[in-house]
> 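A single structure is presented below for examination.
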There are 2 protein chains.
Amino acid sequence: MVSRVLNGKVPVESEKVERIHTAIAELQFVPRTAARVLASRKTNTIGLILSEIDGAFFPHMLKGIEAESRAGGYELLIHSTQGAYPNQNKPLGEHNTDGILVFPSSLDLIELRRLYAIGFPVVLMHQSPPDELSIPVITIENKDGTLMLINHLIEKHARRRIVFMRGPDEHEDSQWRERGYREALELHNIPFDPDLIVMGGFDEEQACSTIQQILKDGVEFDAVFTGGDDAVIGVYRALNDFGRLIPDNVAVVRFDDIHFARYISPALTTIRAPTEEVGRKAVQQLIHLIRGESIEFISLHPVELIIRNSCGCN
Amino acid sequence: MVSRVLNGKVPVESEKVERIHTAIAELQFVPRTAARVLASRKTNTIGLILSEIDGAFFPHMLKGIEAESRAGGYELLIHSTQGAYPNQNKPLGEHNTDGILVFPSSLDLIELRRLYAIGFPVVLMHQSPPDELSIPVITIENKDGTLMLINHLIEKHARRRIVFMRGPDEHEDSQWRERGYREALELHNIPFDPDLIVMGGFDEEQACSTIQQILKDGVEFDAVFTGGDDAVIGVYRALNDFGRLIPDNVAVVRFDDIHFARYISPALTTIRAPTEEVGRKAVQQLIHLIRGESIEFISLHPVELIIRNSCGCN
DNA sequence: CTGAAAGCGCTTACAG
DNA sequence: CTGAAAGCGCTTACAG
């Protein structure tokens with residue numbers, strides 16, 4: 001009876017409803033989640049698994065995920081693997097959640113296949129599934145964003161020798177960005193030069209020494225595209241050390257519109273992604289999956305070009 | 001039997017152990033968390049409740065909390081209240097966690113008292129409990145940190161008219177900082193001037209207009225102390241607009257060593273707090289409480305003075 | 001060391 | 001609309 005009142009799915013006589021409500025208030029009754037979960041076979045919980053709690057985008061993403069989970073009536077369980085794939089003990093899965101959001105490098109393929117095989121709801125963030133698994137993916141327009149950025153450098157600032165700092169190979173976002181870069185060159189009949197593709201898109205020190213190296217090697221370039229973290233700071237430093245002016249001699253752009261982009265000098269031209277929105281959308285899709293409703297298998301969020309000064313504008 | 005092997009608390013014949021292990025592997029058996037929780041009356045889960053997922057400190061704090069929870073064998077359930085106190089439905093409590101970490105403005109006093117009354121483990125972050133509740137608190141040396149910062153301005157840079165930008169009243173950190181400010185003045189026999197205490201320590205626009213106002217009002221000052229978020233950017237802007245040089249005319253310092261502190265110009269002198277460590281410590285204390293072990297009721301983490309250029313050094 | 005059973009605290013058909 | 005009962009899937013005394 002109490003259960004029926006609490007859940008409100010079955011009609012109950014209103015006088016009884018009231019008496020139960022006052023009793024609940026008096027006794028300060030709080031239903032045990034575990035008993036509910038066990039009996040109903042639903043955890044009402046969404047899991048979030050990622051490799052590392054890090055990066056400037058993270059709070060915004062989490063905010064979207066948390067808000068949307070709560071709005072949908074789900075709790076949020078978070079697990080970070082800290083680089084070690086948890087193959088033996090499963091932190092998040094059918095035993096404690098109704099579905100999970102999976103960030104890159106946090107779940108091995110065996111476990112992903114197992115979850116898929118048992119029909120457990122999974123949504124992938126910023127990574128594609130293996131071909132034979134139709135698991136929904138949420139990501140952003142990495143290719144288009146980079147295309148916009150590189151087009152801008154070429155069309156507005158007449159740059160033609162643009163260094164592309166690539167991220168780690170397993171970073172799928174970075175691969176799409178490289179395709180955008182190549183497309184932009186093709187579009188303007190600029191020959192692709194492998195010397196301009198360098199490693200180190202995701203770390204300040206690495207980015208700095210990479211740029212120093214190509215400057216020493218005498219590689220000619222008039223612009224640099226960078227990726228995550230503080231790589232762009234390393235680039236600024238290396239260029240300053242060699243007396244190259246930004247943006248006069250070398251334009252610099254960055255993909256993610258990180259917080260300090262407005263504040264460093266010259267202010268960075270970037271691509272801004274709707275990070276919180278991406279998080280929300282991921283949870284929405286996951287909830288649809290859980291409910292057995294239809295979903296989009298790929299949701300690619302549009303990004304925005306944020307023009308400041310490092311490209312040469314203003 | 002299976003249960004005994006899984007939990008390993010009771011000795012079991014080794015041949016049997018092996019057979020059970022292989023069976024578990026073959027069947028891909030994963031024990032239901034809910035059944036375990038219900039039977040054992042332990043959730044093995046730590047709850048984190050906060051008002052808003054935001055702020056530059058957040059990822060570091062969460063990283064510490066998550067890592068330490070996992071290390072202790074606990075899951076992490078996160079709930080943000082988004083400003084609305086959840087008085088009716090209890091998101092986190094004895095029904096779904098073994099203990100909770102409570103950030104400011106996320107749990108009302110009634111619920112805090114209720115949890116205390118039933119002996120439910122709670123650790124407060126950056127806020128003191130009401131006098132009659134002995135609930136452990138984890139925070140940082142706000143007073144000492146500010147003292148160090150103001151002492152530095154007075155002793156190394158001969159500043160005597162230091163504007164203190166205060167945060168919201170309910171922000172306990174900010175109150176301690178103000179005490180540190182006052183102590184530093186007293187220490188050097190500098191009279192306290194209420195005109196130098198202004199609102200707006202936690203927002204760029206507010207900070208900017210506040211400084212513009214006191215400049216218009218002709219208030220004399222040679223330094224500014226700021227608090228959270230991007231207030232310091234607003235201060236820089238206002239001073240630039242009025243042609244005041246930083247740090248020559250006005251030194252500027254900030255409490256938290258936010259990410260962009262190194263990158264803006266002039267680079268900010270700040271106080272750095274061991275944020276991840278604070279998160280870890282909070283979880284450690286909570287686990288001690290859960291296990292009924294003895295704990296420190298107040299753990300005040302030391303902070304560090306990070307000298308850059310905005311104070312006038314170098 | 002182990003088997004059989006009770007019990008954790010709910011939800012949910014089922015019969016009325 | 002409602003009462004009584006089974007059952008969710010584990011853990012944990014209990015007796016041996």
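In what follows, every heavy atom counts, from backbone to side chain, and hydrogens, waters and symmetry copies are set aside. Here is the naming used below: chain letters follow the sequence lines, and residue numbers restart at 1 for every chain.
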> With sequence neighbours left out, what residues match B:Gln28 under side-chain contact (heavy atoms from CB on, under 4.5 Å)?
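With sequence neighbours excluded, B:Gln28 shows a side-chain contact (heavy atoms from CB on, under 4.5 Å) to A:Arg114, given in chain and number order.
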> Could you give the CG-to-P distance, from B:Asn44 to D:dC10, as a whole number of Å?
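For the pair B:Asn44 CG and D:dC10 P, the rounded distance is 15 Å.
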> Output a table of nitrogen or oxygen pairs between the protein and nucleotides 14-16 of chain D separated by less than 3.5 Å.
none

> Is there any salt bridge (Lys or Arg N to Asp or Glu O under 4.0 Å) pair reaching into residues 284-303 of chain A, and which pairs are they, with sequence neighbours excluded?
A:Lys281-A:Glu296
> Please measure how far the C1' atom in D:dT12 lies from the corresponding atom in D:dG16, and state the result in whole Å.
16 Å
> Looking at residues at least two apart in the chain, or sitting in another chain, which of them share a side chain to side chain donor-acceptor pair (under 3.5 Å) with A:Glu277?
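Testing A:Glu277 for side chain to side chain donor-acceptor pair (under 3.5 Å), a comparison that skips the adjacent residues, returns none.
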> Listed by chain and number, what are the side-chain contact (heavy atoms from CB on, under 4.5 Å) partners of B:Arg19, not counting sequence neighbours?
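For B:Arg19, the residues satisfying side-chain contact (heavy atoms from CB on, under 4.5 Å) (neighbours in sequence not counted) are B:Glu15, B:Lys16.
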> Please list, pair by pair, any protein nitrogen or oxygen found under 3.5 Å from a nitrogen or oxygen in nucleotides 5-9 of chain D.
residue : atom : partner : partner atom : Å
D:dC8   : O3'  : A:Arg41 : NH1          : 2.8
D:dC8   : O2   : A:Ala39 : N            : 3.3
D:dG9   : OP1  : A:Arg41 : NH1          : 2.8
D:dG9   : OP1  : A:Arg41 : NH2          : 2.9
D:dG9   : N2   : B:Ala35 : O            : 3.4

> Can you list everything that forms a side chain to side chain donor-acceptor pair (under 3.5 Å) with B:Ser174? Sequence neighbours excluded, please.
none
> Using ring-ring contact (aromatic ring centres under 6.0 Å, His included) as the criterion, list what pairs up with B:His259, not counting sequence neighbours.
A:Phe260, B:Tyr263
> With sequence neighbours excluded, what pairs up with B:Ala35 under the side-chain contact (heavy atoms from CB on, under 4.5 Å) test?
A:Leu38, B:Arg32
> Partners of B:Glu52 by salt bridge (Lys or Arg N to Asp or Glu O under 4.0 Å), sequence neighbours excluded?
A:Lys63
> Among all residues two or more places apart in sequence or in another chain, which pass the side-chain contact (heavy atoms from CB on, under 4.5 Å) test with A:Gln127?
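Expected list: A:Val102, A:Pro104, A:Leu124, A:Glu172.
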> With a 3.5 Å distance limit and no angle check, can you tell me whether A:Thr275 reaches the backbone of A:Met61 through a side-chain donor-acceptor pair?
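A pair under 3.5 Å: no.
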> Atom CZ of B:Arg19 to atom C1' of C:dC1: distance rounded to whole Å?
14 Å
> Represent DNA chain C in dot-bracket notation, 5' to 3'. Only Watson-Crick or G-U wobble pairs with both distances under 3.5 Å count; pseudoknot-style crossings use [ ] and interstrand partners use |.
|||.||||||||.|||
